[in-house]
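Bear in mind that the values here come from a model prediction, so they are computed numbers and not experimental data. For the numbers below, each heavy atom of this structure counts, side chains included, while hydrogens, waters and symmetry mates do not.
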Amino acid sequence: MERILIIDDDRFILETFSDIIKEYLPDIEVITAPTGMLGLELVMTKNPSLILLDLILPDKSGLELCTAIRANPETQYIPIIIITGMNTQSKLKIKTLEAGADTFLNKPVHIAELIAQIKSMLRLKASEEKLRMERDQLKTQYEETSTELDALEERWKIIMQSTNEGIWDLNLRTDEMFFSTHWKDALAYDDEDVINTKADFYSLIHEDDLQKFQDELDKYLKRQVVSFYIEIRLKSKIEEYMWFAYRAQAVWNSDGEAIRIVGTQVNIHERKELETELLHIAHHDAITGIPNRVLFQDRLHQAIAQTNRFKTKTAVMFIDLDGFKAVNDTYGHNVGDILLKHVAERLKSAVRKVDTVARLGGDEFAIILPDVKKRINTQHIANRIINDVSKNYMIQQQDIHVSASLGISIYPDDTDNVINLINNADLAMYRAKQAGKNRFLFYAENLPVEEEQII
């Protein structure tokens, strides 16, 4: 019976995940551990088929557990899924992957994504066990006569074709490759389509993923990592790119040289699309579709980093709509939401492609203008925004009018601090409202409103 071990110090997570797995995968036994030490003990005594592991535990980190599990010959092939609430750029997450974790699920975890990952890892484990058995036969019989090797190769191909996963086999001495029927089926290729060399295979990998694949393969073959796993996009016969998970094991000769590498391919396209959709939802405003406050702050930090590197300037604009509350009160929130969409479109049309327009909430918008060379360029954009936003809107046969108050702060002229940059733009916008609305003001520290220059 297959068994899943969940290691997490959060008892709510333990109970919730256990209930979900039991409901959707009733044939699988679930065991739990609230600490790393107990988890390691259960790994050795219960021989789980899969481990769900929290990255941060009270006694041991996920990094330490992954290292210990992979170092033990009896447990080194157990799939490990890390469950974490840490951001995707965490150094600890990267180190944990290098220590042998197979993949990550970020909290909060979507039920469908959790079950899909578990099924995928269990299928991969079953396929790899078959591959390892045949690999061991190849290693012990590699020096036999060519006739015996040919027969062994035929048996190997039969095993490849019998599994439901896509299988690939790369001869590292000749660069010849073999692909199972299921591998070709996943990409809509026919059996007669010629894909039998490493160059053929590399030509199918998305250009943004090719170097990553080569680097990971090189690290594995140099024994810098204990396992090979990567997620890449491959071009199908109909010229569409699809996401696949690749796992592999090398065959080593008596001199410790890798002579071939055999692996599995699993379609993860739906999961990747779901991740993309969830990421978009998390970083974009639900009403207008433009970046929200979270993505705005991320883009701003990127812009500041570029500014520091290339010695340019970055401008931040804060925009508040004049008269928006009256529109909501008079015509209702539905009309107000439509108005926000129209305003967002006009703001995007008024700026450059490299600029970021975001909605911070309510009727507040913000714009990042990176690579600003002259103050006058920022003035031109601000004037265009003021003019465009103040033009009438026809919504549900109603003639709607709003205007905009806009504040501008420039990095590093006004401040060398990101938080102060945002606060300065907000203050300048507030002063623009005090000065009569439908206008913009640059931030000028310690100057009262009447002494600000109104343009």
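No donor-acceptor pair under 3.5 Å is formed between the side chain of H283 and the backbone N or O of P291. Proximity of a side-chain donor or acceptor of D355 to a complementary backbone N or O of R352 within less than 3.5 Å is detected. Although no hydrogens or angles enter the test, the distance criterion places no donor-acceptor pair under 3.5 Å between the side chain of T330 and the main chain of V327. In this structure, the side chain of E23 does not engage the main chain of I20 through any donor-acceptor pair within 3.5 Å. Of the possible donor and acceptor atoms, none in the side chain of R309 sits under 3.5 Å from a partner among the backbone N and O of T307. The backbone N or O of F12 sits less than 3.5 Å from a side-chain atom of T16, completing a donor-acceptor pair. No donor-acceptor distance shorter than 3.5 angstrom exists from the side chain of H206 to the backbone of L234, with no hydrogens or angles considered.
For the atom pair CD1 of I69 and OG1 of T75, the computed distance is 6.0 Å after rounding to the nearest 0.5 Å. Between the CG atom of L40 and the OG1 atom of T35 there is a distance of 9.0 Å, given to the nearest 0.5 Å. The line from CE of M177 to CD1 of I261 is 9.0 Å long, rounded to the nearest 0.5 Å. Separation of atoms OG1 (T378) and CG (N383) is listed at 11.0 Å; rounding is to 0.5 Å. A distance of 8.5 Å separates CG of L339 from CG of N328, quoted to the nearest 0.5 Å. For the atom pair R233 CZ and E207 CD, the distance stands at 9.0 Å (nearest 0.5 Å).
H301 and Q297 share no side-chain donor-acceptor pair at under 3.5 Å. Side chains of Y411 and N420: no donor on one and acceptor on the other come within 3.5 Å. A side-chain N or O of Q302 and one of D298 form a donor-acceptor pair less than 3.5 Å apart. Defined by atom type and a distance below 3.5 Å, a donor-acceptor pair is present between the side-chain atoms of T356 and R299.
Inter-residue side-chain proximity for I338 and Y331 is flagged as unmet; no heavy-atom pair is nearer than 4.5 Å. Contact annotation: the side chain of R271 approaches that of E231 to within less than 4.5 Å [non-hydrogen atoms, C-beta and beyond]. Within the 4.5 Å cutoff, the side chain of L53 has no heavy atoms near those of the I83 side chain. In this structure the side chain of L65 never reaches within 4.5 angstrom of the side chain of I51, judged on heavy atoms. Between D54 and I13, the closest side-chain pair of non-hydrogen atoms is not below 4.5 Å. Contact annotation: the side chain of D399 approaches that of M394 to within less than 4.5 Å [non-hydrogen atoms, C-beta and beyond]. Proximity of Q379 to F442: side-chain heavy atoms (C-beta onward) are separated by under 4.5 Å at one or more points. Taking the side chain as every heavy atom from C-beta outward, D371 and Q306 never approach each other to under 4.5 Å.
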Q) Taking it one step at a time, do T288 and V357 satisfy side chain to side chain contact (heavy atoms under 4.5 Å, CB included)? A) CA-CA 11 Å; T288 63; V357 177; over 6 Å; no

Q) What do the steps show when you test L52 against I21 for side chain to side chain contact (heavy atoms under 4.5 Å, CB included), and what is the final call? A) CA-CA 11 Å; L52 297 176; I21 295 170; 4.0 Å; yes

Q) Does the salt bridge (charged side-chain N to carboxylate O under 4.0 Å, His left out) test come out yes or no for K237 and D190, once each step is laid out? A) CA-CA 9 Å; K237 190 170 184 177; D190 300 320; 2.9 Å; yes

Q: Check step by step if side chain to side chain contact (heavy atoms under 4.5 Å, CB included) holds for I81 and D102.
A: CA-CA 6 Å; I81 301 176; D102 293 290; 5.7 Å; no

Q) Does the pair T67 and L63 meet the rule for a side chain to side chain contact (heavy atoms under 4.5 Å, CB included), with working shown? A) CA-CA 6 Å; T67 301; L63 172 63; 4.2 Å; yes

Q: Apply salt bridge (charged side-chain N to carboxylate O under 4.0 Å, His left out) to K341 and D285, showing your working.
A: CA-CA 10 Å; K341 293 180 183 178; D285 176 55; over 6 Å; no

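Scanning all heavy atoms of the two residues, the minimum distance from A358 to F296 falls at CB-CB, 3.7 Å. Nearest heavy-atom pair, I381 versus A350, reported as atom, atom and distance to 0.1 Å: CG2-O, 3.9 Å. Pairing each heavy atom of V226 with each of G100, the nearest pair is CG2-CA, 4.4 Å. Counting all heavy atoms, side chain and backbone alike, K391 lies closest to R346 at O-NH1, 2.8 Å. Minimum heavy-atom separation, L38 to A33: CG-CB, 3.9 Å. Smallest separation of non-hydrogen atoms from L5 and G39: CD2-O, 3.6 Å.
Annotation: I419, atom CD1; neighbour count of heavy atoms from other residues, nucleotides and ligands within 6.0 Å does not exceed 12. When the shell of 6.0 Å around OH of Y202 is examined, it contains more than 12 heavy atoms from other residues, nucleotides or ligands. Atom NZ of K272 has more than 12 neighbouring heavy atoms from other residues, nucleotides or ligands inside a 6.0 Å radius. Around the CD atom of E192, the shell of radius 6.0 Å holds more than 12 heavy atoms that belong to other residues, nucleotides or ligands. Around OH of Y189, the count of heavy atoms belonging to other residues, nucleotides or ligands within 6.0 Å exceeds 12.
The pair E2-K125 fails the salt-bridge criterion, with no side-chain N (NZ, NE, NH1 or NH2) lying under 4.0 Å from an Asp/Glu carboxylate O. A salt bridge does not link K348 to D388: none of the charged nitrogens lies less than 4.0 Å from a carboxylate oxygen. By the 4.0 Å N-to-carboxylate-O rule, K212 lies too far from E216 to be salt-bridged with it. A salt bridge does not link D413 to R375: none of the charged nitrogens lies less than 4.0 Å from a carboxylate oxygen. In summary, D193 and K184 do not engage in a salt bridge, as defined by a charged side-chain N under 4.0 Å from a carboxylate O.
The side chain to side chain contact (heavy atoms under 4.5 Å, CB included) test with V389 is passed by exactly one of I385, I386, N387: I385.
The aromatic rings of F228 and Y220 sit tilted, their planes meeting at an angle between 30° and 60°. Classification of the W168-Y246 ring pair by plane angle, with boundaries at 30° and 60°, yields tilted.
Aromatic ring centroids of F318 and F440 lie 6.0 Å or more apart.
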Show me the donor-acceptor pairs within less than 3.5 Å that the side chains of residues 402-410 make with the rest of the protein, sequence neighbours left out.
residue, atom, partner, partner atom, Å
S403, OG, D322, OD2, 2.8
S405, OG, D322, OD1, 2.8
S405, OG, D322, OD2, 3.2
S409, OG, D414, OD2, 3.2

